[in-house]
There are 2 protein chains.
Amino acid sequence: MIRYANESRFVQAVDCIVFGFDGETLKILLIQRGFEPEKGKWSLMGGFVKPNESLEQASTRILKQLTGLDGVYLEQMHTFGDPSRDPMERTISTAYFALIDIHKYEQQLNNDYHPEWFSVKRMPKLIFDQQEMVEMAQRSIRYKAALHPILFELLPKRFTLPQLQILYESVYNTTIDKRNFSKRVLATGLLIKQVEKDKSSSKRGAYYYHLNMQKYYANFQSFLNFIPNPTNLISQ
Amino acid sequence: MIRYANESRFVQAVDCIVFGFDGETLKILLIQRGFEPEKGKWSLMGGFVKPNESLEQASTRILKQLTGLDGVYLEQMHTFGDPSRDPMERTISTAYFALIDIHKYEQQLNNDYHPEWFSVKRMPKLIFDQQEMVEMAQRSIRYKAALHPILFELLPKRFTLPQLQILYESVYNTTIDKRNFSKRVLATGLLIKQVEKDKSSSKRGAYYYHLNMQKYYANFQSFLNFIPNPTNLISQ
DNA sequence: CCAAAAGTGTTCCGTTTACACCCATGT
DNA sequence: ACATGGGTGTAAACGGAACACTTTTGG
């Protein structure tokens, strides 16, 4: 193959910030790194890009390896290329964030990498610049979720309005009036009410809802306002 | 240096989509590529990342080389890593978009690369996947400018309300009521009225304004609404 | 029967929209 | 004096925010 003369070549990595929601707080999935440097330390799920795969393919492959999950919401966030970010050798890393239904994942715990969920508020120190990646990922999902319905990716197929509200409240570390919240959410037409109720957290029970997938995909780019004054909350 | 064994290494590039505004339409700056492959074809301003510079430093350096400009608004957009995007050799490119005052630039035309401005509506074919980069960059600035005051970066230090409105109208390919536009813009407190007028486009003259830089930086993250129904316009 | 969570409606206020006329001035 | 572009105000509609009581039912 003809090649560019005199240019440097670097190792290319991808790192995935995997978010989940357990019904109370936002969590991220970490593994103990399997190789040097920093072997055994907690780290994001990452890996190197192979010669014949795109960055998207690499991140999808790594996510599948480590969680067993396919078809996950995955979005490229930012590429980190500081020359000294990896002490072993110059490595450029493209960070993706992923949003998964934590319960789907829990059925998959049979893997070699022993990933664990950590609350974003109580996380171990991470290697390299991964702390910065996680902070940026949190800002990214706060920003994006203020405008687009991505947080549904964190919920199971059927969910209740109180669950959805707790999710938004925990992502933005705020409280929302439930009357206004349900009005805003239902006004989008994104939700389809089911006849069954979830009785696990109250005697009366809360109706289950499904996402209207048609509208979800069709209006994904529209601006939402489930959250009052989002810009006051995004930068936290 | 200790290195990762068995991993592939790739050439890392940066490409800059440089936007300018000539008072009528949005333009981007292109050069004729100086080396093979595709030598002589129109292309974005790009270059390779050197061993001891970050991606930001590389893009800033390349922008400086090709336009002579420092202190330009520059934002990382997306990293393109398809294995076959560059036929010469696998190259991963991180694309940045830049917003510059086209008039500042015009004083700098004395350089070896002969860059030229093209209307985004009438552009030559670009090499590799750069067409896709430009389209994504247009979507990005439409998206970002619907919420944040980045378009001021395209204007000179002093500008008039009609100029600002034409800028927004051309970015979104729409028309806006001038009464409502000026109310919305002035309500942000971002503009400081000057005593002088611009008489170049009317007999009466239009007042010049300056940006209130304090507020500009302090409230940069706040959501604006200079444009009615932005999401209908972003995806064009 | 009571505690605990779910569900629902109204009023008020601020914001956005639609819309039209007068102003300044160079020719 | 008139053509050209610049500047401004108001009323109506809409959307967002604040706010409290009733319902259900397992224990």
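Within every chain, numbering begins at 1; the chains are lettered A, B, ... in the order of the sequence lines, protein sequences first and strands thereafter. All figures in this text were calculated on a predicted structure; none of them were measured in a lab.
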Visitor: Give the rounded distance in Å between these two atoms: CD1 of I176(A) and C1' of dG7(C).
Guide: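 Answer to the nearest Å: 17 Å.
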
Visitor: Do the side chain of D177(A) and the base of dA17(D) come within less than 3.5 angstrom through a donor-acceptor pair of N or O atoms?
Guide: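 Check fails, no donor-acceptor contact within cut-off.
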
Visitor: Can you check whether any acceptor in the base of dA20(C) is under 3.5 Å from a donor in the side chain of R179(B), or vice versa?
Guide: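 Such a pair is found, so the answer is yes.
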
Visitor: Does K193(B) make a cation-pi contact with Y209(B), if we ask for NZ or CZ under 6.0 Å from the ring centre and within 45° of the axis?
Guide: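 Relative to the ring axis of Y209(B), which defines the angle, K193(B) lies outside at least one limit.
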
Visitor: Which nucleotide in the set dT17(C), dG7(D), dG7(C) lies at the smallest distance from any side-chain heavy atom of A206(A)?
Guide: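 Of all the options, the side chain of A206(A) is nearest to dG7(C).
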
Visitor: Is it the case that the ring center of F80(B) lies less than 6.0 angstrom away from the ring center of F128(B)?
Guide: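 Here the rings of F80(B) and F128(B) have centres that are no less than 6.0 Å from each other.
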
Visitor: Any N or O donor-acceptor pair linking the side chain of K178(A) to the base of dA6(C) at under 3.5 Å?
Guide: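 Counting by modelled atom types and ignoring angles, a donor-acceptor contact under 3.5 Å is found here.
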
Visitor: Could you check how far CZ of R184(A) sits from C1' of dG16(D), rounded to whole Å?
Guide: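 Computing the R184(A):CZ to dG16(D):C1' distance gives 7 Å.
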
Visitor: Does K203(A) have a side-chain nitrogen or oxygen under 4.0 Å from the phosphate oxygens OP1 or OP2 of dG27(D)?
Guide: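 So the side-chain polar atoms of K203(A) never come under 4.0 Å of the phosphate oxygens OP1 or OP2 of dG27(D).
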
Visitor: Select from K199(A) and I227(A) the residue whose nearest nucleotide in DNA chain D is closer to the 5' end of that strand.
Guide: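 With K199(A) and I227(A) compared, the 5'-side residue is I227(A).
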
Visitor: With a non-hydrogen cut-off below 4.0 angstrom, is T160(B) in contact with a base, only sugar-phosphate, or nothing?
Guide: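 Since no nucleic acid heavy atom lies under 4.0 Å of T160(B), the category is nothing.
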
Visitor: In whole angstrom, give the distance that lies between atom CD of E196(A) and atom P of dA6(C).
Guide: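 For the pair E196(A) CD and dA6(C) P, the rounded distance is 17 Å.
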
Visitor: Output the rounded distance in Å from CZ (F181(A)) to C1' (dA18(D)).
Guide: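 From F181(A) CZ to dA18(D) C1': 17 Å.
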
Visitor: Any donor-acceptor pair under 3.5 Å between the side chain of R204(A) and the base of dA6(C)?
Guide: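 A donor-acceptor contact between them is present.
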
Visitor: If you draw the axis of the six-membered ring of Y208(A), does the NZ or CZ of R158(A) fall within 45° of it and under 6.0 Å from the ring centre?
Guide: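 Satisfied, under 6.0 Å and within 45°.
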
Visitor: Taking atom OH of Y143(A) as the centre, does the number of heavy atoms from other residues, nucleotides or ligands within less than 6.0 Å exceed 12?
Guide: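 Yes - once you tally the heavy atoms of other residues, nucleotides and ligands closer than 6.0 Å, there are more than 12.
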
Visitor: Measure the distance from OH on Y207(A) to C1' on dT23(D) and round it to the nearest whole Å.
Guide: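 Between C1' of dT23(D) and OH of Y207(A): 11 Å.
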
Visitor: Using atom OH of Y208(A) as one end and atom P of dA5(C) as the other, report the distance to the nearest whole Å.
Guide: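 Y208(A) atom OH is separated from dA5(C) atom P by 17 Å.
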
Visitor: In this structure, how many angstroms lie between the C1' atom of dG16(D) and the CG atom of L224(A), rounded?
Guide: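 L224(A) atom CG is separated from dG16(D) atom C1' by 15 Å.
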
Visitor: dT16(C), OP1 or OP2 - any side-chain N/O from N225(B) closer than 4.0 Å?
Guide: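 Checking dT16(C) against N225(B), a side-chain N or O does come within under 4.0 Å of OP1 or OP2.
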
Visitor: Let me know the distance between CG of N180(A) and P of dC12(C), rounded to the nearest Å.
Guide: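 After rounding, the gap between these two atoms is 16 Å.
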
Visitor: Using a 4.0 Å heavy-atom cut-off across all strands, classify K183(B) as base, sugar-phosphate, or nothing.
Guide: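 Answer is base: heavy atoms of K183(B) come under 4.0 Å of a base.
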
Visitor: Would you please test Q138(B) and F19(B) for side-chain contact (heavy atoms from CB on, under 4.5 Å) and show each step?
Guide: CA-CA 9 Å; Q138(B) 284 188 72; F19(B) 289 97; 4.1 Å; yes

